[in-house]
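Contents: one structure, followed by commentary.
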Amino acid sequence: MDTSNQNIIHLQGIGSQKVEVLEKEINVVSCQDMLYYFPYRYKDQRKSYRVDKIREINIEMSYVQLKGRILRYSRSLNYPRLSGIFDDGTGTIELVWFNSINWVPKYYKIDEEYYVYGKLRFFRGKYISIVNPQIKTECKFCEGVTRMQGIYRTTAKMKKASLDSNTISQIMRQILEYTKEPLSETLPTGIIDKCKLISLDEAIHNIHFPKSDNLLEQAQYRLKFEELFYVQLANLLNPNRRKKQLDGFCFSKVGENFHFLKNNLPFELTHAQERVFNEIRQDMNTGKQMNRLVQGDVGSGKTVVALLSILTAIDNGFQGAIMVPTEILATQHYETISHLLEGSTVKVALLTGSTKNKVREEMLPKVKSGDIQILIGTHALIEDSVEFSNLGLVVVDEQHRFGVTQRAKLWDKNSTPPHVLVMTATPIPRTMAMTVYGDLNISTIDELPPGRKPIRTYHIYDEKRNKMYEYVREQLKIGKQVYIVYPLIEENEKIDLINLQEGFRAVSKVFPEYSISKVHGQMKPEEKNQEMQKFVSGETQVMVSTTVIEVGIDVKNASVIIIENAERFGLSQLHQLRGRVGRGTEQAVCILITNYELSKEAQKRINVMTKTNNGFEVAEEDLKLRGPGSIIGTKQSGFAPKKLRIANVSKDVNILIRARNFVYEILNADPALKDPRCNLLKQQLHKWNTKYQTQWARIS
Ligand code: ADP
Ligand code: MG
């Protein structure tokens with residue numbers, strides 16, 4: 001029997017509370033829904049299990065674990081640097097420390113056996129070292145399981161209900177063990193044969209518990225194919241979906257608040273801003289709910305377009321909300337908008353995770369009564385305690401950071417859905433968007449405000465660092481501010497943080513006469529905010545940080561951004577970071593620092609960055625570079641439409657096109673799917689429509 005249709009309540013260890021949370025947070029009711037909740041990445045447990053040989057180290061390797069002895073230590077004369085020569089019997093390599101250098105030789109004795117773990121650094125392709133290695137007396141790095149482990153996304157509420165990634169994994173195992181019969185196939189046999197896809201049963205098993213890299217890849221391919229196939233089949237079967245849009249508010253008036261801002265803007269709107277705003281106005285005047293995506297390069301002036309739209313809502317007696325992914329960005333929007341509205345009667349409030357309880361308690365009733373007309377904030381906005389009087393328009397800024405359910409919740413705050421405006425600086429190529437979203441309206445701000453000088457982007461190697469610092473000093477001397485960004489990815493969090501701290505210390509030494517801020521994701525939001533504010537106000541001149549500054553921050557006086565280990569960033573992320581400078585009319589510079597050894601891919605990314613400033617070109621290149629295929633174990637960069645569970649319209653272009661061709665073929669032969677052989681398709685579409693699509697269509 002195919003048990004996968006059963007409700008998850010029948011599973012061991014799943015009580016009514018967990019059932020409720022799973023449904024609310026990730027829309028999972030049946031075992032089958034659960035099985036379609038895929039890991040978003042995999043932890044490769046085998047890597048840390050292996051012991052590498054120094055002789056076999058090559059330039060492609062990144063992290064290694066070695067077993068051997070330290071032969072001797074030596075110190076640098078002029079600066080704090082300790083070096084240890086490590087021998088594993090097949091060769092030697094240098095271990096390097098910049099801190100704790102007195103403590104290390106006392107603790108790690110010469111000629112004793114240790115396991116060493118860390119990231120390789122290559123110099124001129126030959127000379128190999130590990131900076132700040134982790135050292136253990138026994139093979140500590142091989143704890144845990146020796147296979148690829150799926151990691152599942154969980155929300156705060158899920159974690160609170162003890163539904164972390166591990167628990168989800170256990171639930172999957174339980175369901176798969178219960179389900180004795182193979183899962184019934186969801187794609188027509190013809191397609192499976194032609195595309196040499198693995199069966200649904202095999203795919204589901206391997207997506208959760210991969211037996212091998214190869215099977216995982218095949219499972220991903222098969223499930224992505226299935227998803228893109230049904231998304232497109234649904235879209236093409238029903239081209240009139242747009243007409244069936246839900247009813248929405250009609251904002252027919254153009255009133256005093258709109259005119260107030262229009263008359264008081266310190267600049268003229270660009271043509272592109274005018275055009276996009278008009279498209280939005282028209283949407284909000286049809287009586288149907290607006291679902292519009294505004295894409296515009298960093299610095300193209302999306303904020304003011306959003307604000308004009310919100311003021312239109314207010315002029316028609318409604319409230320507006322702006323939701324952003326970070327507290328820093330929320331604060332900044334709040335300040336910008338309050339400033340632009342000074343002298344008007346519009347009431348604006350800021351609500352984030354660190355808003356004090358007392359302030360909250362005063363604020364929330366005013367939101368509920370309609371007294372507060374614009375509420376700006378982070379996902380604190382979607383908490384149940386936040387009630388609006390009549391929410392007319394929701395703006396979601398930098399959308400790729402939000403998940404489906406988060407947006408759905410904001411949307412649910414009214415009985416009539418508010419209009420939804422999604423803003424993003426990461427453009428979606430039009431053909432892709434049309435195929436997949438079908439009914440999503442897109443506006444593009446394809447023009448920058450006048451007077452902007454293109455940012456100059458340079459690529460330098462580590463050894464030119466001192467020269468670069470000279471340049472930075474010149475900029476600081478004339479009163480400019482500087483960002484220095486370090487990579488931080490979950491997998492190497494500890495080591496990355498050490499790098500950042502090291503960098504901070506080094507920069508503090510180079511520029512003792514300037515104040516330096518440090519911001520990273522491990523800090524408390526409040527602390528982070530404070531540090532960021534210091535930089536915004538000019539109290540500090542240099543900002544050393546991880547990518548937390550990536551989205552939206554606007555400090556006009558910052559003229560230089562330095563990106564350390566630039567080879568480790570994705571293309572769209574580099575472009576986003578670069579967009580932090582050049583926001584005024586003065587010349588700005590972006591410096592990408594890398595090691596000598598760059599993979600071909602990294603070299604291409606760097607080339608694109610130095611070649612073009614145009615976000616759309618960057619996005620196109622990004623699409624070409626990444627192509628289909630999976631990047632296991634690395635965080636996905638760029639936009640990933642959260643509506644899709646597994647496919648990514650920018651990465652999986654080939655699968656998308658392949659699936660589309662089958663859809664065309666089927667619909668050409670049988671436009672309404674009348675042939676009984678299409679029953680499986682209809683049945684799947686129905687399932688897909690009720691479970692998946694309704695949620696989708698409402699949210700985008
Ligand atoms: P983004 O599209 O990246 O969100 P912002 O809305 O933050 O861009 O705008 C970037 C900067 O450009 C802001 O400082 C804003 O005041 C300014 N700006 C926006 N529109 C114009 C315009 N039409 N002319 C001049 N400056 C503008
Ligand atoms: Mg913005």
Side-chain angles (χ1 to χ4, degrees), residues 261-278 280 292-311 321-342 374 376-378 394-402 421-428 442-455 481 483 532 536-538 547-559 561 572-586 588 590 613-616 618-619 639:
L261 181 62
K262 201 72 196 291
N263 296 334
N264 286 289
L265 270 182
F267 44 72
E268 295 275 309
L269 291 183
T270 63
H271 290 299
Q273 284 170 318
E274 291 268 6
R275 174 173 44 76
V276 168
F277 174 69
N278 282 331
I280 296 167
R292 188 169 279 279
L293 175 81
V294 173
Q295 50 179 26
D297 209 346
V298 268
S300 61
K302 294 184 287 294
T303 315
V304 60
V305 172
L307 185 56
L308 285 168
S309 312
I310 288 184
L311 292 176
I322 303 183
M323 186 159 79
V324 297
T326 66
E327 208 152 300
I328 297 165
L329 193 53
T331 311
Q332 188 160 53
H333 271 338
Y334 174 72
E335 279 165 6
T336 312
I337 288 173
S338 305
H339 184 66
L340 284 169
L341 294 178
E342 248 164 52
I374 305 181
I376 300 169
T378 52
V394 175
V395 176
V396 183
D397 199 6
E398 307 295 352
Q399 64 106 29
H400 54 284
R401 291 299 178 93
F402 283 106
L421 196 56
V422 178
M423 320 271 254
T424 176
T426 318
I428 299 170
I442 298 179
S443 293
T444 306
I445 307 186
D446 50 7
E447 181 185 356
L448 291 180
R452 296 271 171 84
K453 293 199 182 69
I455 302 163
Q481 286 167 284
Y483 292 104
M532 200 64 221
V536 173
S537 69
T547 50
V548 287
I549 59 140
E550 175 188 349
V551 269
I553 292 301
D554 190 19
V555 179
K556 286 206 177 53
N557 191 44
S559 64
I561 183 162
S572 64
Q573 208 178 13
L574 286 173
H575 183 67
Q576 281 290 316
L577 286 167
R578 175 166 65 181
R580 294 312 107 222
V581 297
R583 302 177 75 81
T585 46
E586 279 170 79
C590 167
N613 256 307
N614 180 319
F616 291 89
V618 171
F639 70 91

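Just so we're clear, the structure is a prediction, and the values are computed from it rather than from any experiment. Counting starts at 1 for both ligands and their atoms, following the listed order. Along the sequence shown, residues carry numbers from 1. Keep in mind that the numbers below use all heavy atoms, side chains included, and drop hydrogens, waters and symmetry copies.
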Element-labelled atoms of ligand 1 that are located less than 4.0 Å from some non-hydrogen atom of [X]:
X: L269; result: 23 (N)
X: E268; result: 22 (C), 23 (N), 24 (N)
X: T270; result: 23 (N)
X: S300; result: 2 (O), 8 (O)

Inset, instruction - Under 4.0 Å, heavy atoms only, figure out whether ligand 1 is touched by the backbone of T303, its side chain, both or neither. - result: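 The answer is both.
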
Legend entry - Residue portion contacting ligand 1 (non-hydrogen atoms closer than 4.0 Å) for M423: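 Neither; no heavy atom under 4.0 Å.
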
Inset, instruction - Before accepting this row, confirm whether a basic side-chain N of the pair R452/E447 lies closer than 4.0 Å to the acidic partner's carboxylate O. - result: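 No.
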
Legend entry - Any N or O of P449 closer than 3.5 Å to N or O of ligand 1: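 No; every N/O pair is 3.5 Å or more apart.
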
Inset, instruction - Ignoring angles and geometry beyond distance, decide whether V304 reaches within less than 3.5 Å of ligand 1 through its nitrogen or oxygen atoms. - result: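 No; the residue has no nitrogen or oxygen that sits under 3.5 Å from a nitrogen or oxygen of the ligand.
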
Legend entry - Student check: side-chain heavy atoms of T336 and L307 closer than 4.5 Å: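 No, too far: nothing below the 4.5 Å cut-off.
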
Applying a strict 4.0 Å limit to heavy atoms, is [X] in contact with ligand 1?
X: K556; result: yes
X: R452; result: yes
X: G296; result: no

Output yes when a side-chain donor or acceptor of [X] lies under 3.5 Å from a complementary backbone atom of [Y], and no otherwise.
X: R578; Y: I561; value: no
X: N613; Y: I455; value: yes
X: Q481; Y: V555; value: no

Legend entry - Minimum heavy-atom distance F277-S309, with the two atoms named: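 Looks like CE1-N, 3.6 Å.
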
Legend entry - Gap separating the CG atom of L340 from the CG atom of L261, nearest 0.5 angstrom: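 L340 CG to L261 CG: 6.0 Å, rounded to 0.5 Å.
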
Inset, instruction - Give, for atom NZ of K453 and atom CG of L448, the distance between the pair rounded to the nearest 0.5 Å. - result: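 Reported to 0.5 Å precision, the distance equals 14.0 Å.
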
